[in-house]
Amino acid sequence: MQIMNRPAPSVPTADIPVEAMLAEVRKPLGPVWWSVFLASALLAAWGIGWSSWRIAAEGVGVLGVNNNVVWGLDIVHFVFWIGLGHAGTLISAVLLLTRQSWRSPIARGAEQMTLCAVICAAVFPVVHVGRVWMAWMASPLPEVSGIWPDMASPLMWDVMAVSTYFLLSLLYWYIGLVPDFALLRDCCKGRLRRRYGWLALGWQGTGRQWRAYEKASLLFAVILTPLVVSVHSVVSFDFSVTQVPGWHQSIFPPYFVGGAILSGMAMVQLILLGVRRLMAGSGVRRAVTPAILDLSSRFVLALSLVMGAMYLWEHLAAILNGGSPEPFPGRNPVNAVFLIVMVAGNVALPQLFWFRSLRTNRWVIAAVALGVLAGMWMERFWIVVNSLKASLLAANIGEYFPSVTDLAMMAGSVGLFMALYMALVRVAPFFSLCDVREQQSLNKEGGA
């Protein structure tokens, strides 16, 4: 783990033009942006809207699930998206608590990834229950529904944990934006000035306001760091508290948390590369330096080693207890394609980052990040579907084939994520401009 113990290289924020970043938010939307945004929104409307209508009208039989495999791609995507969502705020909060100088260029992007991914994840359990219009009964409203939700149900664990996490993440993201909204208020005119004025909450940049801002940011970071671990552990309890072979394992909480952080950092890298390409004129390219890419690649490398250790631990624990020597016992029949993609994407491919020249190569970073995301998706499918396909009773061994509705939901979630993220990038600066200006002032004082 020596790769994470070296001092973090300083981030050259003095050259980042704050005015150009403000102009990026205020400039008119071009045809490229509108084309990609409308394509993403239409994909989300078709995939999620059409699928939800079919499930509500005809029932969950339109999905690929059956009596043996009762959870299919919907739950696979729920776990996948919620993992991405949990990682974003955790990365930002940990870097804030440890006072890392490379936090500013990636924190805002990670926090926005959290909000978009949690919204995408929330769609799947709501739709998967079939009677979509009854989802409100999961809320604790006994005076209206006449009943109290069953808190012994894992579904309720997810509702309470994910809703609490989303609310706190939203507040954490918004608090960090208040000074930036004040900057936008001061450089805009007309209706934009009034809108950003409402969002700025009367911010004037006084010493008292800055002290309150710093205390609130640290308080939310302290709360969210253990909350992320506990919430994603609750998601793993949906599986580990059952008696299904391949699920009933005490390793699942750290297993899920480690995989979530790994996939989240991989998605952050893809976002950085994409925004760096599309917003080159606003100074983003100069902000996302090779030093930032190098540090994020080290992060991915360290987490891939953690996941490799967990895969080995799960396999050896079964052997030492007299179980089957097959890889990942309980999730059978073993599918070589899933196994190869999962291990190669999550463990083998990130080993390229041992070489510094590859840690800063954007094509290598993109390939490794896509490999990690594919591997984590395969892992989720492996856990959810292959465990249900296997059974201690031969009569209960079943097959699973996703339907068109499943695939439409999958495509719709990707479109929803892209549309939401593009909208957030246009509403707020991609970087924390107050952090950039603070670092510039410190650099000037140091030079003086």
Side-chain angles (χ1 to χ4, degrees), residues 34-85 113-136 138 155 158-159 162 166 235 238 263 267 270-271 274 335 337-338 341-342 345 370 373-389 398-424:
W34 276 114
S35 299
V36 178
F37 177 77
L38 290 177
S40 301
L42 290 174
L43 182 62
W46 170 76
I48 295 179
W50 175 75
S51 300
S52 301
W53 175 80
R54 282 207 68 195
I55 294 171
E58 304 177 43
V60 293
V62 298
L63 301 174
V65 295
N66 50 62
N67 289 337
N68 296 318
V69 184
V70 293
W71 284 358
L73 283 189
D74 278 2
I75 306 303
V76 172
H77 294 135
F78 167 71
V79 180
F80 177 79
W81 285 114
I82 206 66
L84 291 179
M113 180 189 74
T114 287
L115 301 178
C116 299
V118 172
I119 292 173
C120 293
V123 171
F124 290 99
V126 171
V127 172
H128 195 79
V129 298
R131 294 185 293 173
V132 182
W133 57 90
M134 301 297 289
W136 66 272
L155 176 62
D158 287 339
V159 170
V162 173
F166 177 76
V235 174
D238 293 351
S263 61
M267 179 62 83
L270 284 179
I271 290 172
N335 189 315
V337 175
F338 281 83
V341 174
M342 183 177 72
L370 289 172
L373 293 176
M376 292 309 302
W377 188 91
M378 290 291 186
E379 180 192 292
R380 271 43 174 175
F381 188 92
W382 186 280
I383 291 174
V384 176
V385 175
N386 273 35
S387 297
L388 291 172
K389 287 168 61 177
E399 290 294 332
Y400 173 79
F401 301 98
S403 67
V404 176
T405 308
D406 285 309
L407 298 177
M409 285 284 290
M410 177 181 178
S413 67
V414 175
L416 179 62
F417 179 84
M418 292 181 61
L420 290 174
Y421 203 94
M422 292 180 68
L424 287 181

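Everything numeric in this text was worked out from a predicted model, so none of it was measured.
Applying the side-chain contact (heavy atoms from CB on, under 4.5 Å) rule to S413 yields the partners W81, F124; only residues at least two apart in sequence or on another chain are considered. Residues passing the ring pair (Phe, Tyr, Trp, His ring centres under 6.0 Å) test with F37 are W33, sequence neighbours excluded. Applying the side-chain contact (heavy atoms from CB on, under 4.5 Å) rule to T405 yields the partners W50, S51, R54, I55, V62, L63, S403; only residues at least two apart in sequence or on another chain are considered. Residues satisfying the ring pair (Phe, Tyr, Trp, His ring centres under 6.0 Å) criterion with F78, sequence neighbours excluded, are absent altogether.
The two residues G72 and V65 make their nearest non-hydrogen contact at N-CG1, 3.6 Å. Of all heavy-atom pairs spanning A44 and G415, the tightest one is CB-C, 3.8 Å. Looking at every heavy atom in both residues, G375 comes nearest to M342 through O-CG, 3.8 Å.
Pairs engaging residues 40-52 under the salt bridge (Lys or Arg N to Asp or Glu O under 4.0 Å) rule: none recorded [sequence neighbours left out]. The salt bridge (Lys or Arg N to Asp or Glu O under 4.0 Å) contacts involving residues 408-421 comprise nothing, where partners must be two or more places apart or lie in separate chains.
The closest side-chain heavy-atom distance from L115 to L420 is not below 4.5 Å. By the 4.5 Å heavy-atom criterion applied to side chains, L373 and L270 are counted as neighbours. Counting heavy atoms from C-beta on, the side chains of F80 and E379 never come closer than 4.5 Å. For the pair L73 and M409, the minimum side-chain heavy-atom distance is 4.5 Å or more. By the 4.5 Å heavy-atom criterion applied to side chains, L84 and M376 are not counted as neighbours.
The distance from atom CE of M267 to atom OG1 of T114, rounded to the nearest 0.5 Å, is 11.5 Å. Note that the OG atom of S40 and the CZ atom of F417 stand 11.0 Å from one another [nearest 0.5 Å].
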